[in-house]
Amino acid sequence: MKIGLSSYSLYQAINSGEMTILDAIQWVADNGGDHIEIVPIGYSLDDNDELIEQIKEKAQSAGIELSHYLIGANFLTETKEAFDAEIERVKKQVDIANALGVKFMRHDVAWRAPADTSIVQFEKDLPIIVDACQQIADYAAQYGITTSIENHGFHVQASDRVLRLLNEVNRDNFKTTVDIGNFLCADEDPVSAVKKNIRHASVLHFKDFYIRPSYQNPGEGFFQTIAGNYLRGAIVGQGDIDMEEIVRIVKNSGFDGYVSIEFEGMEECKQASKIALDNVRRLLGEV
């Protein structure tokens, strides 16, 4: 397995102007990462061939890989015209992934507020989402890119819903970016969910959360799950997820791809990301 970092983990520093994406690449290399995921938040690669080339050159000179390109998307639109426009927009993002030279790309598929995420609504939306994912995967196939859905955005976040979508899309180059922490947003035990989804993983996200029940509002910094429980981003290995068991499941599965750390907590991002990288390396060595 190759251990690295999502550029999203350094969003605090990138957004404030303390770091550029090029600085982030060097930081990951300096702190022992094997790869970096490119998440265009705090910067844009749209119509920006110069920055794309700079990113590629920086990764090469720093001696790390560009592993994965991640973007947002929502195919649940009000009109057919808006749906078609979103398809075309995401296809252009596939072109950017190809220009970066990555072979994995995650695009979101749908977002609904927690109150609108019933299984009835999911089944109603499923044909639209399937059509979109098939179109994007088929377009990406010309580049040898595997597209994926992450368990993300409430509506298609639970492990069974992800599996249902994968089965319906039925493309060899459409898989799932398994985020071990995000299952909690759908009030699902990460250990059980990772067991279900690991064999369909293209890339793994290691993320941790502090977890509090719905009747114990911890205040600022926490957000609520579909069922109203409270979560706050934590440094990987310091939150409430059973990381040792997750690592055991991952290793026993035979997964041998990119492991990417995501940090979205309240601590200073560089220190938090360094601790998380060290913790994941230690866990993978010890378990």
Side-chain angles (χ1 to χ4, degrees), residues 2-73 93 96-97 99-102 104-108 150 152 177 179-182 185 203-210 218-223 231-239 258-282:
K2 296 181 179 180
I3 303 168
L5 193 76
S6 169
S7 68
Y8 175 65
S9 299
L10 298 171
Y11 166 71
Q12 290 176 8
I14 293 172
N15 194 51
S16 70
E18 178 188 349
M19 301 177 82
T20 67
I21 182 57
L22 303 181
D23 295 329
I25 293 168
Q26 187 64 56
W27 188 94
V28 173
D30 291 344
N31 286 277
D34 300 316
H35 69 92
I36 185 170
E37 284 188 339
I38 301 299
V39 185
I41 297 177
Y43 59 97
S44 175
L45 300 182
D46 294 349
D47 301 315
N48 201 342
D49 293 343
E50 181 180 1
L51 182 55
I52 290 171
E53 288 304 312
Q54 289 173 343
I55 287 170
K56 291 168 66 177
E57 291 169 4
K58 185 63 178 179
Q60 184 174 18
S61 67
I64 66 172
E65 297 180 39
L66 301 176
S67 56
H68 200 194
Y69 183 56
L70 294 85
I71 65 156
Q93 296 297 309
I96 291 174
L100 286 167
V102 303
F104 297 101
M105 175 181 163
R106 183 220 77 184
H107 61 82
D108 289 331
E150 185 174 342
H152 194 222
T177 293
D179 187 305
I180 67 173
N182 278 351
C185 301
V203 175
L204 287 181
H205 280 178
F206 268 59
K207 181 190 291 179
D208 210 345
F209 282 113
Y210 299 110
E220 185 178 353
F222 283 74
F223 67 93
L231 300 177
R232 195 189 105 189
I235 296 170
V236 177
Q238 296 189 358
Y258 294 112
V259 172
S260 189
I261 291 160
E262 277 195 340
F263 168 72
E264 56 181 40
M266 298 175 70
E267 295 87 350
E268 195 280 322
C269 65
K270 298 188 301 299
Q271 181 185 31
S273 296
K274 174 65 165 62
I275 294 169
L277 278 164
D278 291 344
N279 281 348
V280 171
R281 274 193 291 263
R282 175 177 51 80

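All values reported here derive from a predicted model rather than from experimental measurement.
Expressed to the nearest 0.5 Å, how far CD of E50 lies from CD1 of I55 amounts to 11.0 Å. Taken to the nearest 0.5 Å, the CD1 atom of I21 stands 4.5 Å off from the CD1 atom of I14. Atoms NZ and OG, from K207 and S260 in turn, are 10.5 Å apart once rounded to the nearest 0.5 Å. Rounding to the nearest 0.5 Å gives a distance of 5.0 Å between CE of M19 and CG of L10. Summarising the geometry, atom CD belonging to E262 is positioned 12.5 Å from atom CG belonging to D208; distances are rounded to the nearest 0.5 Å. Distance check, rounded to the nearest 0.5 Å: CD1 of I41 to OG of S6 gives 8.0 Å.
Taking both residues in full, the closest heavy atoms of C269 and F263 are given as CA-CE2, 3.9 Å, listed atom of the first, atom of the second, then distance. Smallest separation of non-hydrogen atoms from A29 and I64: CB-CG2, 3.7 Å. Closest of all the heavy-atom pairs between S9 and S273 is CB-OG, 3.6 Å. In terms of heavy atoms, N279 sits closest to V236 at ND2-O, 2.9 Å. The minimum heavy-atom distance linking E18 with K270 is given by the pair OE2-NZ, 2.6 Å. Closest approach of I96 to L45, counting heavy atoms only: CD1-O, 3.7 Å.
Of the residues E220, E267, E264, the one that meets the salt bridge (Lys or Arg N to Asp or Glu O under 4.0 Å) test with R232 is E267. Just one residue in the list T177, V102, I38 forms a side-chain contact (heavy atoms from CB on, under 4.5 Å) with H68, and that residue is T177. Among V28, D30, D23, the one residue that satisfies the side-chain contact (heavy atoms from CB on, under 4.5 Å) test with Q26 is D30.
Side-chain polar atoms of D108 and H152 form a donor-acceptor pair below 3.5 angstrom. Checking Y8 against E37 by side-chain atom types alone, no donor-acceptor pair falls below 3.5 Å. Between the side chains of E150 and N182, at least one donor N or O sits under 3.5 Å from an acceptor N or O. With 3.5 Å as the limit, one finds a donor-acceptor pair spanning the side chains of Y258 and E65.
Taking the side chain as every heavy atom from C-beta outward, L70 and M105 never approach each other to under 4.5 Å. Between S7 and Y43 the shortest side-chain heavy-atom distance falls below 4.5 Å. Residues R106 and I71 fail the side-chain proximity criterion, which asks for heavy atoms closer than 4.5 Å. Side-chain contact between L22 and Q54 is present, with heavy atoms from C-beta onward closer than 4.5 Å. You'll find the side chain of S67 stays beyond 4.5 Å of the side chain of I36, heavy atoms only. By the 4.5 Å heavy-atom criterion applied to side chains, I261 and I3 are counted as neighbours.
Applying the 6.0 Å contact sphere to CD of Q271 captures no more than 12 heavy atoms from other residues, nucleotides or ligands. Atom OH of Y11 is surrounded by 12 or fewer heavy atoms from other residues, nucleotides or ligands within 6.0 Å. No more than 12 heavy atoms of other residues, nucleotides or ligands sit less than 6.0 Å from atom CD of Q60.
Of the possible donor and acceptor atoms, none in the side chain of K58 sits under 3.5 Å from a partner among the backbone N and O of A24.
Applying the salt bridge (charged side-chain N to carboxylate O under 4.0 Å, His left out) test to D278 and every residue at least two apart in sequence or in another chain returns K274, R281.
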